[in-house]
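Since the structure comes first, as structure tokens, the remarks are kept for the end.
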Amino acid sequence: MNADGTRQVRNYPFSEPTGLELDPFYTHLRENEPLSRVKLPYGDEAWLCTRYDDVRTVLSDTRFSRAETLKRDEPRIGSEVVDRGLLSMDPPDHSRLRRVANAGLTPRQSDRLRPLTKEITEQLIDRLATLEPPVDLIAEFITPLAVTVICELLGVPYEDREDFQKWSQAVVATTSMEPAQINEYLENLNRYMAKLVELRRQEPADGMLSDMIKVRDTSPDRLSEDELVLVAVRLLAPGAQNTVLTLANFLQVLMKHPRELARLREHPELVPAAIEELVRYTPFHTSTMFPRYAVEDVELGGTVIRAGEAVVGSLCSANRDPEVFSAPEELDFERPANPHLGFGQGHHYCPGTHLARMQLQVAIEALARRVDDLALAVPEESLSWKKGMVVRWVDELPVRWSRIHS
């Protein structure tokens, strides 16, 4: 509080994220000011919630609306408001589009791709064995794996994959690209996806896009063609990029905890639980994303949020709440319960969760099994992080190892 009793408004994010450490000020807020007033670089002021229960409520309670952000100057990192399509909708419009997205991102599709993902992973590790460390693990392993899998899922021809990956970066950019470049890349991605949809309609394949087209074309409340393309672009195209970033960040954490990485070699059955714990423990976003507006007065954590006020919730802070997670600052692969919010909650729960879990499990199990003494080849503080992004994005991940098993 200020001396006059008014709420202090803090600039947010609190610091420039240049690593995977969570700003300790979140702990202070959880303990002393669970709802605080913040000002992002652009847009309205907002309430920031940092406790698990409050963040979960904001994500799942229909009194907090994403669709309202289209009518207001939403709090944001970048100067431009990017139309996020499905991510800026509430039910029932959201439900109509989400039904089509869910049709392509089923557990069946993930299971179908698991053997191929394993094959690609093993081939990439075989190739690593021919290289002399230090090696950029992002360029030589993580990106080829993620791009190949998502392009197989979408049916993107091999010769188009480099452009597809480049254009997809615009979906997670804020100030790292000029607005004109973001718009250009998004337009390219929209045009390309529209052509790909038409190709898969004429030549169906056993993949996500064909499944989505089938559901769209046979649904009684079917989407327009533009809406189908919108779903594919906004939710599915960034899938490869998000997997690259997540896997790179998880491996950084594991290399800082070599005993835990060694445990995964000895006990591969721990890998699924390890992935969930890494999702909880590893900060992904540079700040909060996807603000919501209260559509009526709501009491949250002892504070009344007035109708028309914006609220943002920190998933990273919620996942470190000691009221929910014992010893939350510790990495524990045998945590008895792990209801993390890393994939979101409520209507906007990440539809790509099955696919992400599958790829992360396959990649980390294989690296733990085959690569001895995987470690950073440079001091951690020398790593370069992209600025102007809504996600934590390291440019390169130079690593070394002592041996790669065949």
Side-chain angles (χ1 to χ4, degrees), residues 105 109-110 112-172 185 189 192 196 205 207-209 236-255 261 271 275 278 284 352 354-371 374-378 383-386 389 391-401 404-406:
L105 290 165
Q109 285 286 6
S110 297
R112 181 183 68 82
L113 282 174
R114 186 178 287 268
L116 175 64
T117 304
K118 288 183 176 181
E119 180 182 342
I120 297 166
T121 300
E122 299 296 339
Q123 290 173 352
L124 289 170
I125 295 177
D126 288 343
R127 186 174 182 280
L128 280 182
T130 69
L131 303 177
E132 187 71 26
V135 167
D136 177 12
L137 202 62
I138 292 177
E140 300 295 342
F141 176 77
I142 298 173
T143 298
L145 172 62
V147 171
T148 302
V149 171
I150 197 69
C151 288
E152 286 289 334
L153 193 63
L154 282 167
V156 175
Y158 183 84
E159 61 271 17
D160 297 337
R161 294 180 181 186
E162 185 174 341
D163 283 339
F164 181 83
Q165 172 73 357
K166 178 179 69 175
W167 297 332
S168 296
Q169 294 181 29
V171 183
V172 293
Y185 280 12
L189 199 55
Y192 181 81
L196 194 59
M208 175 186 67
L209 204 53
L236 310 177
Q241 198 64 67
N242 287 344
T243 300
V244 169
L245 306 181
T246 302
L247 186 51
N249 293 343
F250 282 9
L251 288 170
Q252 287 181 71
V253 171
L254 287 170
M255 288 187 287
L261 184 55
V271 168
I275 298 303
L278 286 163
F284 182 69
H354 299 298
L355 181 65
R357 283 182 168 127
M358 182 275 291
Q359 291 181 82
L360 294 167
Q361 290 170 9
V362 169
I364 286 178
E365 185 279 330
L367 287 170
R369 169 171 43 86
R370 293 190 57 185
V371 183
L374 183 67
L376 276 177
V378 298
L383 293 175
S384 173
W385 295 81
K386 291 186 187 296
M389 307 297 291
V391 290
R392 296 177 191 246
W393 187 329
V394 68
D395 286 307
E396 296 181 347
L397 195 61
V399 299
R400 54 177 171 81
W401 55 82
I404 293 182
H405 298 268
S406 58

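We count residues from 1, following the sequence as given.
The two atoms that bring Asn242 and Phe284 nearest to each other are OD1-CZ, 3.8 Å, heavy atoms only. Minimum interatomic distance between Ser110 and Met358 (heavy atoms only, all atoms of both residues): O-CE, 3.6 Å. Considering every non-hydrogen atom in both Pro398 and Leu383, the closest pair reads CD-CD2, 3.8 Å. Trp401 and Val371 make their closest contact through CB-CG1, 3.6 Å (heavy atoms, listed as atom of the first residue, atom of the second, distance). Leu247 approaches Ala363 most closely through the heavy-atom pair CD2-CB, 3.8 Å. Summarising the geometry of Leu245 relative to Arg392, their closest heavy-atom pair is CB-O, 4.2 Å, with the distance given to 0.1 Å.
In this structure the side chain of Val378 never reaches within 4.5 angstrom of the side chain of Glu396, judged on heavy atoms. Two residues are said to be in side-chain contact when any heavy atoms from C-beta on lie closer than 4.5 Å; Leu137 and Leu251 meet this criterion.
Using modelled atom types, one side-chain atom of Thr130 and one backbone atom of Arg127 make a donor-acceptor pair closer than 3.5 Å. With hydrogens and angles disregarded, a donor-acceptor distance shorter than 3.5 Å links the side chain of Asp136 to the backbone of Leu397. In this structure, Arg370 contributes its side chain and Glu122 its backbone to a donor-acceptor pair below 3.5 Å. Thr121 places a side-chain N or O within 3.5 Å of a backbone atom of Thr117 that can act as its donor or acceptor partner.
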(message) Using side-chain contact (heavy atoms from CB on, under 4.5 Å), reason through Leu355 and Val149 one step at a time and then give a plain yes or no.
(response) CA-CA 9 Å; Leu355 181 65; Val149 171; 4.2 Å; yes
(request) Report the C-alpha distance between Leu254 and Ile364 in whole Å, list the side-chain angles of each, state the deciding distance to 0.1 Å, and finish with yes or no for side-chain contact (heavy atoms from CB on, under 4.5 Å). (result) CA-CA 10 Å; Leu254 287 170; Ile364 286 178; 4.0 Å; yes
(request) Report the C-alpha distance between Asp163 and Tyr192 in whole Å, list the side-chain angles of each, state the deciding distance to 0.1 Å, and finish with yes or no for side-chain hydrogen bond (donor to acceptor under 3.5 Å, both in side chains). (result) CA-CA 10 Å; Asp163 283 339; Tyr192 181 81; over 6 Å; no
(request) Before giving the answer on side-chain contact (heavy atoms from CB on, under 4.5 Å), spell out for Asn249 and Leu278 the whole-Å C-alpha distance, their side-chain angles and the decisive distance to 0.1 Å. (result) CA-CA 9 Å; Asn249 293 343; Leu278 286 163; over 6 Å; no
(request) Using the side-chain contact (heavy atoms from CB on, under 4.5 Å) rule, take Phe141 and Val135 through it: C-alpha gap first, then chi angles, then the decisive distance, then the call. (result) CA-CA 10 Å; Phe141 176 77; Val135 167; over 6 Å; no
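Taking CG of Leu374 as the start and CG of Leu128 as the end, the distance is 9.0 Å to the nearest 0.5 Å. For the atom pair CG of Leu145 and CG of Leu124, the computed distance is 6.0 Å after rounding to the nearest 0.5 Å. If you take CG on Asp160 and CH2 on Trp167, they are separated by 7.5 Å, rounding to the nearest 0.5 Å.
The one candidate from Glu119, Gln359, Gln361 that meets the side chain to side chain contact (heavy atoms under 4.5 Å, CB included) condition with Arg114 is Gln361.
Within a 6.0 Å sphere centred on CD of Glu159, heavy atoms belonging to other residues, nucleotides or ligands number more than 12.
Side-chain contact check for Gln123 and Asp126: no donor-acceptor pair (N or O, by modelled atom type) lies under 3.5 Å.
Between Glu365 and Lys118 there is no salt bridge, since none of the side-chain N atoms of the basic residue sits less than 4.0 Å from a carboxylate O of the acidic one.
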